[in-house]
Amino acid sequence: MEITLLRAFTEKEKAMEKYYFNLMQFFEGYVRNYRKLNLSKLHNRSMFTKREIDYFANLGEMLGFDAFIEDSKFDKSKGRSRPMDLSWWKWDARIDDENFLYLTLHLEREFISNKDVETIEKLFSDTEESYIPHNVIGIQYIESADRIDYLNDLILQRNMIQQSNCLMIYRYYDSNLDLERVCAYTFTPKGLNKVRNAICNQDDSGYWYICFDEDYVPLQNNKRITNSIKL
């Protein structure tokens, strides 16, 4: 009996270890599948938010997690619940048939640029231990690239406590190229890990797509012209 109890305890302790994803791979999927969201110039902001959250909800369920939209999460500093745009929870009845094992992922998607700090506060809030996410994703529209360093410093400060794996996707309008820039940064508990850049634009039929900088031909042509001038 003692041996059985010890084995069960060890399995549960192992399940509680942080489960980290390769979140930059998640970003690559987000980029390459964006056109499949069927978002056009006729859609409003709410539809963009809904389709993107639904995309990640479906991804979580295909990976075997339970996905919830507008899921409750208590914020101690606010003294109230601040719902998560999306959450993934890990369930395994072999280990615990009454409770989820852990919060696998917390995602926030925000269109309003002046809520950028609030988005990070929600992802890294002071909450109950069982609600500390192993992974977080933030999709945030910002005014310009000048804001990124400040927001990344804020993430580094807050993640020193939370110790999550993090993907931040910043989107902003580039007036020079008349398109959206999409900048992705991944963080581990040790700090900034990887960076990738992409663009978001409309195709000839008015539907939005995203592609990486290196795949966007006009951007490469601009670089060639600039380099030739320097030479």
Side-chain angles (χ1 to χ4, degrees), residues 18-27 30-31 45-46 48-50 52-53 55-57 59-60 67-89 102-173 180-198 200 210:
K18 289 290 180 92
Y19 188 93
Y20 291 146
F21 293 114
N22 179 354
L23 292 178
M24 193 56 83
Q25 190 68 49
F26 282 24
F27 177 67
Y30 171 79
V31 168
R45 291 183 174 185
S46 297
F48 275 76
T49 299
K50 180 182 184 304
E52 292 186 33
I53 291 175
Y55 167 81
F56 282 101
L59 175 61
F68 299 92
I69 293 174
E70 289 296 309
D71 192 12
S72 63
K73 182 180 181 181
F74 189 75
D75 188 323
K76 293 180 180 179
S77 65
K78 301 291 183 181
R80 58 179 173 81
S81 175
R82 302 175 77 188
M84 298 177 276
D85 283 349
L86 175 69
S87 63
W88 296 357
W89 291 89
Y102 50 81
L103 176 57
T104 310
L105 180 138
H106 173 184
L107 179 144
E108 291 292 324
R109 202 272 189 195
E110 181 54 64
F111 220 118
I112 302 173
S113 59
N114 61 14
K115 289 188 176 182
D116 52 8
V117 172
E118 182 179 339
T119 297
I120 293 172
E121 288 176 347
K122 290 183 70 177
L123 291 170
F124 296 93
S125 62
D126 182 11
T127 187
E128 298 168 0
E129 186 175 355
S130 60
Y131 280 81
I132 297 175
H134 291 192
N135 303 271
V136 299
I137 296 177
I139 305 172
Q140 176 67 56
Y141 282 77
I142 56 177
E143 287 291 338
S144 71
D146 296 336
R147 187 69 169 164
I148 293 177
D149 286 345
Y150 172 78
L151 296 173
N152 282 350
D153 285 343
L154 188 59
I155 290 168
L156 290 169
Q157 292 171 24
R158 288 180 171 266
N159 204 32
M160 289 179 65
I161 300 172
Q162 185 162 296
Q163 298 287 291
S164 293
N165 208 23
C166 175
L167 166 66
M168 284 301 299
I169 302 172
Y170 301 111
R171 297 175 61 164
Y172 65 93
Y173 178 66
E180 280 187 14
R181 292 283 191 172
V182 185
C183 306
Y185 296 78
T186 56
F187 304 81
T188 69
K190 295 181 179 179
L192 179 63
N193 186 27
K194 295 180 180 179
V195 182
R196 287 207 73 177
N197 296 305
C200 183
I210 301 180

So which heavy atom on L156 is nearest to which on G191, and how close?
CD2-CA, 3.8 Å

In this structure, CD of E52 is separated from CG of L107 (nearest 0.5 Å) by 9.0 Å

Apply the test side chain to side chain contact (heavy atoms under 4.5 Å, CB included) to residues L123 and M168: give CA-CA distance (whole Å), side-chain angles for both, the deciding distance (0.1 Å), then the verdict.
CA-CA 10 Å; L123 291 170; M168 284 301 299; 4.0 Å; yes

Calculate, to the nearest 0.5 Å, the distance between atoms CD and NZ belonging to Q25 and K194 respectively.
8.5 Å

Of all the heavy-atom pairs spanning Y170 and I155, show the shortest one and how long it is.
OH-CD1, 3.6 Å

Separation of T186 OG1 from I137 CD1 (nearest 0.5 Å)
11.0 Å

On the 0 to 90° scale, with breaks at 30° and 60°, tag the Y131-W89 ring pair as parallel, tilted or perpendicular.
perpendicular

Contact check, side chains of F187 and N193, non-hydrogen atoms, under 4.5 Å:
no

For N159 and T188 the tightest heavy-atom approach is ND2-O, 3.6 Å

Please report the shortest heavy-atom distance between P83 and E70, naming the atom on each side.
CB-OE1, 3.5 Å

Start with the C-alpha gap between V31 and R196, add the side-chain angles, then the distance that decides, and say whether side chain to side chain contact (heavy atoms under 4.5 Å, CB included) holds.
CA-CA 11 Å; V31 168; R196 287 207 73 177; over 6 Å; no

Taking Y185 as the fixed residue, which of L23, I169, L151, I148 is the one that meets the side chain to side chain contact (heavy atoms under 4.5 Å, CB included) rule?
I148

Enter the distance from S125:OG to H106:NE2 here, rounded to the nearest 0.5 Å.
7.0 Å

Could you tell me which residues satisfy side chain to side chain donor-acceptor pair (under 3.5 Å) with E110, sequence neighbours excluded, listed by chain and number?
none

Other residues, nucleotides and ligands only: do more than 12 of their heavy atoms fall within 6.0 Å of CD on Q163?
yes

N197 and C183 have their tightest heavy-atom pair at OD1-SG, 3.5 Å

Could you tell me whether a side-chain N or O of T127 sits under 3.5 Å from a main-chain N or O of F74, the two making a donor and an acceptor?
yes

Side-chain donor/acceptor of Q140 to backbone N/O of I112, under 3.5 Å:
yes

Can you tell me which residue among R171, R45, K115 is in a side-chain hydrogen bond (donor to acceptor under 3.5 Å, both in side chains) with Y141?
R171

Less than 6.0 Å separating the ring centroids of Y30 and F56?
yes

Is there a donor-acceptor contact under 3.5 Å from the side chain of S164 to the main chain of P133?
yes

Classify the angle between the aromatic ring planes of F21 and W88 as parallel (below 30°), tilted (30 to 60°) or perpendicular (above 60°).
perpendicular

Indicate yes or no: does K73 engage E108 in a salt bridge with an N to O separation below 4.0 Å.
no

Has D75 got a side-chain atom pairing as donor or acceptor with K122's backbone, closer than 3.5 angstrom?
no

Looking only at heavy atoms, which two atoms of I53 and L86 are closest? And how far apart?
O-CD2, 3.9 Å

Between CG on residue N135 and OH on residue Y19, distance to nearest 0.5 Å:
9.0 Å

For a 4.5 angstrom cut-off between non-hydrogen side-chain atoms, does Y150 reach V117?
yes

Roughly how far, to the nearest 0.5 Å, is the CD atom of E121 from the OG atom of S77?
7.5 Å

For side-chain hydrogen bond (donor to acceptor under 3.5 Å, both in side chains), just list the numbers for D146 and Y172, CA-CA rounded to whole Å, side-chain angles, deciding distance to a tenth of an Å, and then say yes or no.
CA-CA 10 Å; D146 296 336; Y172 65 93; over 6 Å; no

Ignoring hydrogens and geometry, is there a side-chain-to-backbone donor-acceptor pair from D71 to M84 under 3.5 Å?
no

Quick check against the 3.5 Å criterion: does D126 have a side-chain atom that pairs as donor or acceptor with the backbone of K76?
no

